[in-house]
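Structure record follows, encoded as structure tokens.
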Amino acid sequence: MSQPPSSPPPGEDPAPPGGDRAARDPTNAEIAQALDELADLYELDGAVIHRVIAYRNAARAIREAPVSVAALARRGRATELAGVGRTIQEKVLALADEGAIPALVRLRGKFPAGLVEITRLPGLGPRRARRLFDELGIDSPEKLRRAAQEHRIRQLRGFGPRAEEAILAALAGRERERGERRVVLDRALAIAEPLLEALRAHPAAERVELAGSARRMTDSVRDLDVIATAAEPLALARAAAALDLVESASSPTASGVRLRTHSGMPVELRIVDPEQYGNLLQHLTGAKQHNLALRELAVRRGLHVSEYGVLDDASGQMHRCATEAELYALLGLDYIEPELRENRGELEAARAGTLPRLIELADLRGELHCHTTASDGTASIEEMALAARERGYEYLAITDHSATMGFGSRVSPAQLREQIARIRATEIEGIRLLAGSEVNILPDGSLDYEDALLGELDWVIASVHSSFRMPAEAMTRRIIRAIEHPLVDAIGHPSGRKIEQRPPYQFDLQRVLEAAAATGTMLEINSNPDRRDLDETSARAAAAAGIPLVINSDAHRPGAFAVARFGIATARRAWLTAEQVANTRSWEQVAALRPRNR
DNA sequence: GCCGTTTTCGGCCCGACTGTTTTCAGTCG
């Protein structure tokens, strides 16, 4: 998961120039990084594993928190985060006030940095790394390589020739993997969906479904999990291995096969008895943290959950579940949608019966962000309107770029007046066209058109398209100034992130949310699969602050309205209901929500 | 170190695999 927008990546200058905050608090990302490092070092130090896990859980909770955890800790309220207790709150305060956590300083002195790197190698964990350090003085990958080549490792009890081979292979693999990236979800689904279709078409196949992180609709994925039931399992596994899009495969068995597609995507196909389908589907859908918490919850009820079933201590009976709903019900939980399975409170809500009714694609009634040939789109107003109507939308805002956009994309004030006239003159039955603009937010926070011209538009979305690398304080003020402009209806792709490409701009999300909540300015969830911006944690915080969200495609061609599924996925991962998203309403209702009408 | 539908103390997921071992610890997903 990417860093929250309020947390600049380490290594970049985070100090606000002339900042009005005397001492800069550590960002959530910095705190989380320190706690993760502490967990690694405690693990090497031989601490009880549950203590290590506690630090990692706290690091995750802090990384995902929508507000400044340092500020929270100063008020003694960081312990309200699940997984943060008094001890870790004190460590957060030490980091904020003294600039360092004493235990971290001490452990850094005890274990060289290269040792942690060694624990990350596949096949080597903290216990084995520690023995290599204690008994052979190995504290870097380079020393490890030499020791393996000189056959010194096999002298250690518990290590043998195979261990040396594995270490050398792991060191080589580590260099290869540096270029290996996660695949953005739309590309992953473009591989998965034809694969699922091909498997479903096979005569031996009964049910075939996507599991794993792709089913949860995460921003990006590393691999694909597919689960199936089949009349003839071995036949289906063999057929899978023989598909055109498969480059290589393990030897197929009745329980499945591991594949690699020509695009390099690893795919695991698992074939299971129909009676256990729910168990395996749940198990493979994850996330890991969700499954872990689910099993802990089950143990408190005397139940043990595995991919094979639910074992009841009292009766000794193994319950098999054909569906996930049965499995959750057995544990006293409402069914949990895959997008929510991240251990972000969904288990507690499922137990209390308070899970939200998540927004669906069909709830969207209009689209409020698209481009035409007037700026950098590829289609006319009419072509975009027809495509939007085809999707069942009742209204469409045409929002081309503004005057300072790059060559070929800019729309001068005069051109915008012409464009408004064209939009007003275009009548297409069944869909209402709105004259809009995606106006640049200039570095000082002012907008790209005069207010008089903006006032002629039905819908104004303001976005940052330049000077991404401003210091956080300046960027925060820039965005807030745009939010406070009475003619700005929404902020487009508010964090500026590109998934697997670039981090968000540095800005203070909390202050931006406060400003939007105060003015009624809406925030966009941009559905472009490379953006999905706001991200799920920020969008959840925005909705909690009472800010209306808009889910937009930012389509530059008619076919691109289909990316709405990714914006919906992010909204669902943000726990959003249809009510919290403005464009699930009629245009009249959206118009009434605009800041200018408040 | 955290936490509470048996608990403020005593727990804290589950199973498969691997290499090295004659019964299992460590790692992984």
Side-chain angles (χ1 to χ4, degrees), chain A residues 35-36 38-39 41-62 78-92 101 103 118-132 153-167 169-170 173 211-213 221-225 250 253 255-256 258 266 268 270 272 276 279-280 282-311 313-314 318 327 331-333 343 347-348 350-353:
Chain A
L35 295 180
D36 271 329
L38 203 44
L41 293 172
Y42 272 135
E43 194 171 25
L44 273 172
D45 204 31
V48 182
I49 190 62
H50 301 108
R51 190 164 158 222
V52 174
I53 292 168
Y55 275 100
R56 297 208 170 113
N57 287 340
R60 179 188 183 229
I62 290 170
T79 53
E80 289 170 18
L81 295 169
V84 178
R86 283 189 50 198
T87 307
I88 287 179
Q89 173 163 272
E90 277 167 26
K91 289 190 160 63
V92 172
I101 301 171
I118 288 174
T119 67
R120 300 261 153 76
L121 291 171
L124 285 181
R127 315 301 288 260
R128 284 157 69 87
R130 180 69 193 275
R131 289 195 52 217
L132 292 168
I153 289 173
R154 65 180 63 178
Q155 299 159 6
L156 265 50
R157 186 177 166 75
F159 290 81
R162 304 295 299 273
E164 286 176 347
E165 286 170 32
I167 284 168
S213 54
V221 307
R222 200 178 294 284
D223 50 25
L224 296 170
D225 292 292
S250 65
T253 72
S255 62
R258 277 192 309 280
E268 174 135 24
R270 295 278 300 266
V272 65
Q276 290 174 299
N279 298 108
L280 186 62
Q282 195 284 325
H283 173 76
L284 288 180
T285 298
K288 186 173 140 191
Q289 295 294 334
H290 170 89
N291 285 355
L292 210 146
L294 181 80
R295 289 169 181 178
E296 283 177 0
L297 178 151
V299 166
R300 290 200 289 274
R301 293 163 177 255
L303 299 169
H304 301 273
V305 176
S306 78
E307 64 186 279
Y308 305 106
V310 179
L311 180 65
D313 275 344
M318 180 72 122
L327 171 53
L331 301 174
L333 302 173
N343 195 26
L347 292 165
E348 294 80 355
R351 193 167 66 195

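Below, chains carry the letters A, B, ... as their sequence lines are ordered, and counting in each starts from 1.
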Original post:
When E296(A) is tested against each of L292(A), L294(A), V299(A) for side chain to side chain contact (heavy atoms under 4.5 Å, CB included), which residue passes?
Top reply: L292(A)
Original post:
Counting only N and O atoms by type, is there a donor-acceptor contact under 3.5 Å from the side chain of S213(A) to the main-chain atoms of V221(A)?
Top reply: no
Subject >> Straight-line distance of R130(A) CZ to D45(A) CG, nearest 0.5 Å >> reply: 6.0 Å
I'd like a table of atom pairs between the protein and nucleotides 22-24 of chain B - only N or O on both sides, under 3.5 Å - with the distance next to each one.
none

**OP:** Using atom CG of L297(A) as one end and atom C1' of dC3(B) as the other, report the distance to the nearest whole Å.
**Re:** 13 Å
Subject >> Spatial distance of atom CD (Q155(A)) from atom CD (E164(A)) [nearest 0.5 Å] >> reply: 8.0 Å
Original post:
For Q289(A) and dC2(B), what is the distance between atoms CD and C1' respectively, to the nearest whole Å?
Top reply: 14 Å
**OP:** Select base, sugar-phosphate, or nothing to describe what V48(A) touches, counting heavy atoms under 4.0 Å on all strands.
**Re:** nothing
Subject >> Rounded C1' spacing from dT8(B) to dC13(B) in Å >> reply: 24 Å
Subject >> Protein-nucleotide distance (L311(A), atom CG; dC13(B), atom C1'), rounded to Å >> reply: 13 Å
Original post:
Which residue lies toward the 5' end of DNA chain B, T79(A) or P161(A), if each is placed at its nearest nucleotide?
Top reply: T79(A)
Subject >> Minimum heavy-atom distance G83(A)-I88(A), with the two atoms named >> reply: O-CD1, 4.3 Å
Original post:
Heavy atoms, side chains only, cut-off 4.5 Å: are L333(A) and L297(A) in contact?
Top reply: yes
Original post:
Base, sugar-phosphate, or nothing: which does A58(A) touch, judged by heavy atoms less than 4.0 Å apart?
Top reply: nothing
**OP:** Taking atom P in both dG15(B) and dT21(B), compute the distance separating them and give it to the nearest angstrom.
**Re:** 27 Å
Original post:
Just wondering, are more than 12 heavy atoms of other shown residues or ligands nearer than 6.0 Å to CZ in R154(A)?
Top reply: yes
**OP:** Determine: side-chain N/O of R351(A) to OP1/OP2 of dT5(B), distance under 4.0 Å, yes or no.
**Re:** yes
Original post:
In whole Å, what is the span from the CD1 atom of I62(A) to the C1' atom of dC2(B)?
Top reply: 13 Å
**OP:** Go through the structure and list residues passing salt bridge (charged side-chain N to carboxylate O under 4.0 Å, His left out) with R127(A), not counting sequence neighbours.
**Re:** none
Subject >> Contacts of E43(A) that satisfy side chain to side chain donor-acceptor pair (under 3.5 Å) - sequence neighbours left out >> reply: R56(A)
**OP:** Measure the NZ-CG distance between K288(A) and N291(A) for me, rounded to the nearest 0.5 Å.
**Re:** 10.5 Å
**OP:** Take atom C1' in dA16(B) and the same atom in dC9(B), then report the distance between them in whole Å.
**Re:** 33 Å
Original post:
Quick one: which of dC14(B), dG19(B), dT7(B) gets closest to the side chain of R162(A)?
Top reply: dG19(B)
Subject >> Any T87(A) side-chain N or O less than 4.0 Å from OP1/OP2 of dC2(B) >> reply: yes
**OP:** Kindly say if Y308(A) contacts the phosphate of dC13(B), meaning a side-chain N or O under 4.0 Å from OP1 or OP2.
**Re:** no
Show each protein N/O and nucleotides 27-29 of chain B N/O combination with a separation under 3.5 Å, one pair to a line.
{"unit_1": "dT27(B)", "atom_1": "OP1", "unit_2": "G125(A)", "atom_2": "N", "d": "2.5"}
{"unit_1": "dT27(B)", "atom_1": "OP1", "unit_2": "G125(A)", "atom_2": "O", "d": "3.1"}
{"unit_1": "dT27(B)", "atom_1": "OP1", "unit_2": "R128(A)", "atom_2": "N", "d": "3.1"}
{"unit_1": "dC28(B)", "atom_1": "OP1", "unit_2": "G123(A)", "atom_2": "N", "d": "2.5"}

**OP:** Measure from CD1 on I101(A) to C1' on dG1(B) and round the result to the nearest Å.
**Re:** 14 Å
Subject >> Greater than 12 external heavy atoms within 6.0 Å of R258(A)'s CZ >> reply: no
Original post:
According to the Watson-Crick and G-U wobble definitions, with both distances under 3.5 Å, which nucleotide is paired to dG15(B)?
Top reply: dC28(B)
**OP:** Could you state the atom-to-atom distance from CG of D313(A) to P of dT6(B) in whole Å?
**Re:** 13 Å
Original post:
For atom P, what is the distance between dT6(B) and dG11(B), given to the nearest Å?
Top reply: 15 Å
Subject >> Separation of dC14(B) P from E296(A) CD (nearest whole Å) >> reply: 9 Å
Subject >> side chain to side chain contact (heavy atoms under 4.5 Å, CB included) partners of R270(A), counting only residues at least two apart >> reply: E268(A), L280(A), L284(A), E307(A)
Original post:
Counting only non-hydrogen atoms, which of residues 49-57 of chain A are less than 4.0 Å from DNA chain B?
Top reply: H50(A), R51(A), A54(A), Y55(A)
